[in-house]
Trainee: 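Pasting in a structure now, in structure tokens, and then I'll have a few things to ask.
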Amino acid sequence: MQNITEYLHRHSLDIIEDIKQLVSAESPSNHKDAVDRCGEVLQTIFKLRLDATVDIHHQHKYGNQLKFTVGSQGEKTIILGHFDTVWNIGELRLYEADGKFYGPGILDMKAGLIQAIWAVRALKYFGQLEDKQIIFLCNSDEELGSPSSKDWLNLNAQGATQVLVVEPAVANTGALKIARKGSGRYQIKITGIAAHAGNNPEEGISAIQEMAHQILSLHALNAPELGTTVNVGIAHGGGRVNVVADYAELGIDTRVTCENEAIRIDQAIHQLSAVTTGIKLEISGTQTRPPMQITQNSEHLFSKAQSIARKLGFSLEAKTVGGGSDGNFTAALGLPTLDGLGATGSGIHARHEHILVANIVPRTALLAGMILEQNADKGETSCLI
């Protein structure tokens, strides 16, 4: 793939400028106006680099979802990527140091989106897209569990020959993600009775005391030997130190490797009951993403990626990770899905989030190769390989 790599090296500064532009358009998931402004920047980049048509799926609460199409015929490659981030506006700054490029959402996953755009641009430059249809599904709420985009993603991914997820590679290894845990999000609201903590505490029913009981019950659901984790990540309640708390709230994250465990955990959480007489529990939430399990399809895609990487002069490993992505949805549909094809670096959801600049071109070329060799199993060979 020497020709494609050389092309990308010639345009490396343009790629970096596009990354800067997209990262500078800060887009916290729960800030619709900001996410939509970022989406407009993304549309501008797609128009400039690929002249791609856009279909906007408008949203009321969350940012709008964006579908970009390149080509109109041939077998379909879906490229998945989100443009929302976990960072509040102004929380992190954008800068480069020691071969690393830092910024809010740069690794998770704005650099991956830009690399995907340039992978397709390189193929378009060499006239390799005549028999291919590339559809980018770019959503705005992935960091929230994709509540408004899940059905949209599933609908638009139907019929894909392959789904390439440009989430970041495994930190510090560059490995691709061949399997992911399924995930769930739950909330428990606990209502008790307030009373003065000194004068008449016996008239109160403490929501915080009940919260402690529920936390212990939730953590008892963990089954690490099965890969199942239940984590209470948010716990708060009360208002004044001298008042028996009449309200508390829990936020729970779950991770599972198989559907049986997803069912067990979901049922167990929804069947929780109050330990303290007079307490009311309100339980909401569900399993938000199914497990992405290793299949023959995913193993085949990974083998293809390994072969392309060797031609590019580097090696690849495959890993199973605990975090979920929108690739979980497409894998559950039975579509061949490979994840971790985006940027390399480390610090996902951490203040030192960064990408490795030296790997931008080779990882972009890898993605181009995955699209170029879409029919490699049918014996077709490109002149660019």
Side-chain angles (χ1 to χ4, degrees), residues 29-30 62 80 82 86 108 139 141-151 153-154 165 167 170 177-191 207-237 247-276 279-295 298 319-335 337 339-340 348-349:
S29 307
N30 56 2
Y62 303 99
L80 291 186
H82 66 89
V86 300
D108 185 17
N139 59 332
D141 59 354
E142 192 272 348
E143 297 292 2
L144 301 175
S146 305
S148 72
S149 59
K150 173 185 174 180
D151 292 342
L153 290 168
N154 286 342
V165 187
E167 287 273 358
V170 177
K177 300 168 182 178
I178 201 169
R180 286 179 176 269
K181 289 186 179 183
S183 59
R185 294 190 181 195
Y186 297 85
Q187 183 184 54
I188 300 178
K189 297 179 179 180
I190 305 168
T191 303
I208 289 180
Q209 178 179 317
E210 179 67 25
M211 178 174 68
H213 287 300
Q214 295 300 328
I215 290 173
L216 292 175
S217 296
L218 288 161
H219 280 196
L221 297 174
N222 277 287
E225 71 280 4
L226 299 176
T228 300
T229 60
V230 178
N231 178 66
V232 178
I234 299 173
H236 60 80
Y247 182 79
E249 189 171 321
L250 297 174
I252 304 116
D253 174 274
T254 67
R255 307 282 165 156
V256 297
T257 58
C258 66
E259 194 60 30
N260 286 342
E261 278 295 277
I263 294 171
R264 179 182 75 86
I265 292 298
D266 185 74
Q267 290 178 344
I269 292 176
H270 281 286
Q271 290 171 4
L272 288 170
S273 59
V275 174
T276 309
I279 286 287
K280 177 183 176 183
L281 299 184
E282 182 182 342
I283 302 170
S284 61
T286 187
Q287 292 293 301
T288 54
R289 288 193 175 94
M292 175 181 170
Q293 297 178 305
I294 298 173
T295 65
S298 60
K319 298 285 186 181
T320 297
V321 297
S325 82
D326 291 325
N328 290 51
F329 298 136
T330 57
L333 293 175
L335 300 174
T337 302
D339 205 334
I348 293 173
H349 296 188

Trainee: Taking only residues two or more places apart in sequence or in another chain, which ones pass salt bridge (charged side-chain N to carboxylate O under 4.0 Å, His left out) with Asp253?
Mentor: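 Applying salt bridge (charged side-chain N to carboxylate O under 4.0 Å, His left out) to Asp253 gives Arg255.
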Trainee: Not counting sequence neighbours, which residues clear side chain to side chain donor-acceptor pair (under 3.5 Å) with His270? List them please.
Mentor: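 None.
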Trainee: For Ser217, what residues pass the side chain to side chain donor-acceptor pair (under 3.5 Å) criterion, not counting sequence neighbours?
Mentor: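 For Ser217, no residue satisfies side chain to side chain donor-acceptor pair (under 3.5 Å) once neighbours in sequence are set aside.
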Trainee: Residues in side chain to side chain contact (heavy atoms under 4.5 Å, CB included) with Gln187, at least two apart?
Mentor: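 For Gln187 the side chain to side chain contact (heavy atoms under 4.5 Å, CB included) partners, ignoring immediate neighbours, are Lys189, Glu249, Ser284.
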Trainee: Tell me every residue that passes salt bridge (charged side-chain N to carboxylate O under 4.0 Å, His left out) with Asp326, counting only those two or more places apart in sequence or in another chain.
Mentor: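 Once residues adjacent in sequence are excluded, the partners of Asp326 under the salt bridge (charged side-chain N to carboxylate O under 4.0 Å, His left out) criterion are Arg289.
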Trainee: Suppose we screen for side chain to side chain contact (heavy atoms under 4.5 Å, CB included). Which residues come up paired with Val86, at least two apart in sequence or across chains?
Mentor: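 Expected list: Glu143, His349.
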Trainee: With sequence neighbours left out, what residues match Glu210 under salt bridge (charged side-chain N to carboxylate O under 4.0 Å, His left out)?
Mentor: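 Glu210 satisfies salt bridge (charged side-chain N to carboxylate O under 4.0 Å, His left out) with no other residue.
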Trainee: Taking side chain to side chain contact (heavy atoms under 4.5 Å, CB included) as the definition, give me every residue that meets it alongside Ala179, ordered by chain and number, with sequence neighbours left out.
Mentor: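 Only Ile294, Thr320 meet the side chain to side chain contact (heavy atoms under 4.5 Å, CB included) criterion with Ala179.
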Trainee: By the side-chain hydrogen bond (donor to acceptor under 3.5 Å, both in side chains) test, which pairs, at least two apart or in different chains, include something from residues 218-227?
Mentor: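 Passing the test, one end in residues 218-227: no pairs.
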Trainee: Residues two or more places apart in sequence or in another chain: which of them pass side chain to side chain donor-acceptor pair (under 3.5 Å) with Ser149?
Mentor: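 Asn139, Asp141.
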Trainee: Applying side chain to side chain donor-acceptor pair (under 3.5 Å), name anything that partners Gln287, two or more places apart in sequence or on another chain.
Mentor: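 Gln287: side chain to side chain donor-acceptor pair (under 3.5 Å) contacts with Tyr186, Thr254.
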Trainee: Go through the structure and list residues passing salt bridge (charged side-chain N to carboxylate O under 4.0 Å, His left out) with Glu261, not counting sequence neighbours.
Mentor: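 By the salt bridge (charged side-chain N to carboxylate O under 4.0 Å, His left out) rule, Glu261 matches Arg264.
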Trainee: Less than 4.5 Å apart, side chain to side chain, heavy atoms only: is that true for His82 and Glu167?
Mentor: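 Sidechains of Glu167 and His82: in contact.
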